Enquirer: 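Quick one: structure below, then a few questions.
Everything quoted here is computed from the prediction, not taken from an experiment. Both counts, for ligands and for their atoms, begin at 1 and track the order of listing.
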Amino acid sequence: MTEAEARAEFQDLDARIAAADIAYHRDDAPELSDADYDRMKRRYLALLEAYPGFSELGQRVDTVGAPAASGFGKIAHSVRMMSLSNAFEDQDVVEFAGGLRRYLGLGTEAPLAFTAEPKIDGLSLALRYEQGRLVQAATRGDGAVGENVTENARTIADIPQEITGAPDVLEVRGEVYMSHADFEALNARQAETGGKVFANPRNAAAGSLRQLDAEITRSRPLRFFAYSWGEISAPLAETQIDVIRRFKALGFQTNPLTQLCETIDALLAHYHSIENQRAELGYDIDGVVYKVNDLSLQERLGFRSTTPRWAIAHKFPAELAWTRLEGIDIQVGRTGALSPVARLHPVTVGGVVVSNATLHNEDYISGLDSKGETIRGGKDIRIGDWVQIYRAGDVIPKVADVDLTRRPSEAEPYVFPTECPRCGSPAVREEGDAVRRCSGGLICPAQAVEKLRHFVSRAALDIEGLGAKQVEQFHRDAWVKEPADIFELQARYGSGIQQLKNREGWGEKSATALFLAIDDKRRIEFARLIFGLGIRHVGEVAARDLALHFQSWKALSHATDLARSAALAHRAADEAELDERLAAQAEGRRARIAEARGAAIAKCEVSAEAQAAWDDLISVDGLGPTVALSLSDAFANPDERAAFDRLLRHLEVIAPEAPAEDSPVAGKTVVFTGTLEKMTRAEAKARAEALGAKVAGSVSKRTDILVAGPGAGSKAAKAAELGILILDEDQWLDLIGRA
Ligand code: IVH
């Protein structure tokens, strides 16, 4: 192949991949199977590797997905559009309700009613009415900002243009969907006229709503169910069920299967009844949504970062299909985890072509779960096997079962590598860890590259012009080995010796733009920095919570250092617990966990200061000991710590703003002590944090307010001594404006 031929092929692939990305991500209308897409992408990357200069010709060199559809204006949601946490088993629902009771301090007998309604598989839409007139319709987008689809929404018959008897401002939220019959008819029409054929009703609904020409939307049979609300100038009712009734009275379609349930048994019975009717409903649903009925309780329960505490989606069991396992690939992640991936003969599962599935870890392949108990009846998975693929919602496909009767006679048990396939370092499994990890740390190119890719990713540093492709290239050439090197690129390879602009694929303009983009990120938001470090278990939400809580790099690193001995004691206790469980199982007796943990902790030297720092760390909203331990390990690892320090020398960290600036307790440090009578500790803490306060476990000079209930002891005395404002529970509630 000549270079000219390679270029022509590259440009052709580039255009096809760009079109496929847009079809898949933006228009919700995948046109290729996963396998065809992967094949094209592999060929594209191979050409790029052979001819790095082509990167200037390509639009898909470092992008994933497609940009948000242009042509629609953006609308910032005045009340964030949330998603829902999920339950899969009946037991998850029991635990959800138990958790709410604990949070609210309700006993097991107090009434706690829920609504139960189908979870519609469409796309959510927010409709804003002012003085009874529809003024705006917006898609969910990322929850904070959506697309303005007002003109299109006006064409949907289920959406009233005018309503009477509503508050001056009313934002009705619900789901746009397409019925099975309409979907079939639309696809038949499309096929006849050579138009786009949609993979499923959800894609058809999304594609139809997001048409730049509202007349096309009008020709598509879209429907809408109202189930929730955003901004309102006056309350709609006192209960969820009455809001739904009110929506109905205002002229909206509400789902007829919505029901009020007084007990968990009633919820589960309604769930199973909806599940039985699923095939006859005539539209897609993927579960049942439960919501606390009493709106004053919803208000007390509030929200986590992206989901309400007062609702949960109970999903239906997944869809299944059989296919052949053609191979097993091992991927090495940024934390060194060796992840086996099933390469499948492509198969359609619930309207989507699947060619890869996760195999989790080596135990999963051999037929064991994380607790060492058998799964799939203990059947292992071998290359050549017929496997049953399971797909639920957005979950990555999994292997649910193996058909032993169709196993080829030559199929051998899979031998999981004990060396990293990328750097050859031993791949080890620590006790209690289901995952085998490459021990190569920063010397493993796969880990280093994955860390760098993560560091420059959109949710982390997000440096324009420096995508996964570029960092990989820089890493291959040893220009960038760790994040700090990015900030030295210009000094080392930039203006002086002008190397970058002379490199293949880079010109004067792109080099200058890159250096400017890098400089732009020398001032970086704290949460992005924490997330960008790629510490195991520290995702975007944990990073944001940590940033909010600690406000500065110095405070975060100081706290993790202080907490180290308590973190190690926690790990020792976890290990002792595991040993005790195993011993008890072997000896056929009840495990004495508390004693085992206590004895392990007693052997560790943990100062009161370290314990307080650890308690503070694990009390950061949603963090918990697993994240805290991982954070502690990263900061205590000398190589990682040195890399952090090198990076921090280049950065100015911007502290996050407290979420509710205008609240009287924003930015204040609050300590709760004694017995609270109107709410539980968990609720008090969550509410204070939602108002921008920081909640600490112990009183210090930095404490602003001590909320002391009956029985407050030494903390109240210390606060009085330090001259700190002490409030009782009612005074605190008066201060935060809700009694
Ligand atoms: S309530 C704050 N109710 O599911 C409560 N959502 O997985 C927000 N959905 O983004 C949602 N049917 O698009 C609610 N009956 C229902 C629903 C429903 C479908 C969608 C909605 C949401 C997604 C979350």
Enquirer: Side chains of Ser179 and Asp182: any donor to acceptor distance under 3.5 Å?
Expert: yes

Enquirer: Salt bridge (charged side-chain N to carboxylate O under 4.0 Å, His left out) with Glu683: which of Arg309, Arg300, Lys678?
Expert: Arg300

Enquirer: Quick check for students: name every N or O atom pair between ligand 1 and the protein closer than 3.5 Å, with distances.
Expert:
unit_1   : atom_1 : unit_2 : atom_2 : d
ligand 1 : 3 (N)  : Lys291 : NZ     : 3.1
ligand 1 : 4 (O)  : Lys119 : NZ     : 3.3
ligand 1 : 7 (O)  : Lys119 : NZ     : 3.3
ligand 1 : 9 (N)  : Tyr227 : OH     : 3.4
ligand 1 : 12 (N) : Ile120 : N      : 3.0
ligand 1 : 13 (O) : Ser124 : OG     : 3.3
ligand 1 : 13 (O) : Glu175 : OE1    : 2.8
ligand 1 : 13 (O) : Glu175 : OE2    : 3.4
ligand 1 : 13 (O) : Tyr227 : OH     : 3.3
ligand 1 : 15 (N) : Glu117 : OE2    : 2.7
ligand 1 : 15 (N) : Pro118 : O      : 3.2

Enquirer: Do Tyr283 and His180 have ring centres separated by under 6.0 Å?
Expert: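 No, too far apart.
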
Enquirer: Give the C-alpha distance, both sets of side-chain angles, the deciding distance and a yes or no for side chain to side chain contact (heavy atoms under 4.5 Å, CB included) between Tyr364 and Ile375.
Expert: CA-CA 8 Å; Tyr364 188 82; Ile375 47 173; 3.5 Å; yes

Enquirer: Determine, using ring centers only, whether Phe183 and Phe198 are less than 6.0 Å apart.
Expert: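 No, they do not, as the ring centres are separated by 6.0 Å or more.
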
Enquirer: Looking just at side-chain N and O atoms, do Tyr129 and Glu171 make a donor-acceptor pair shorter than 3.5 Å?
Expert: no

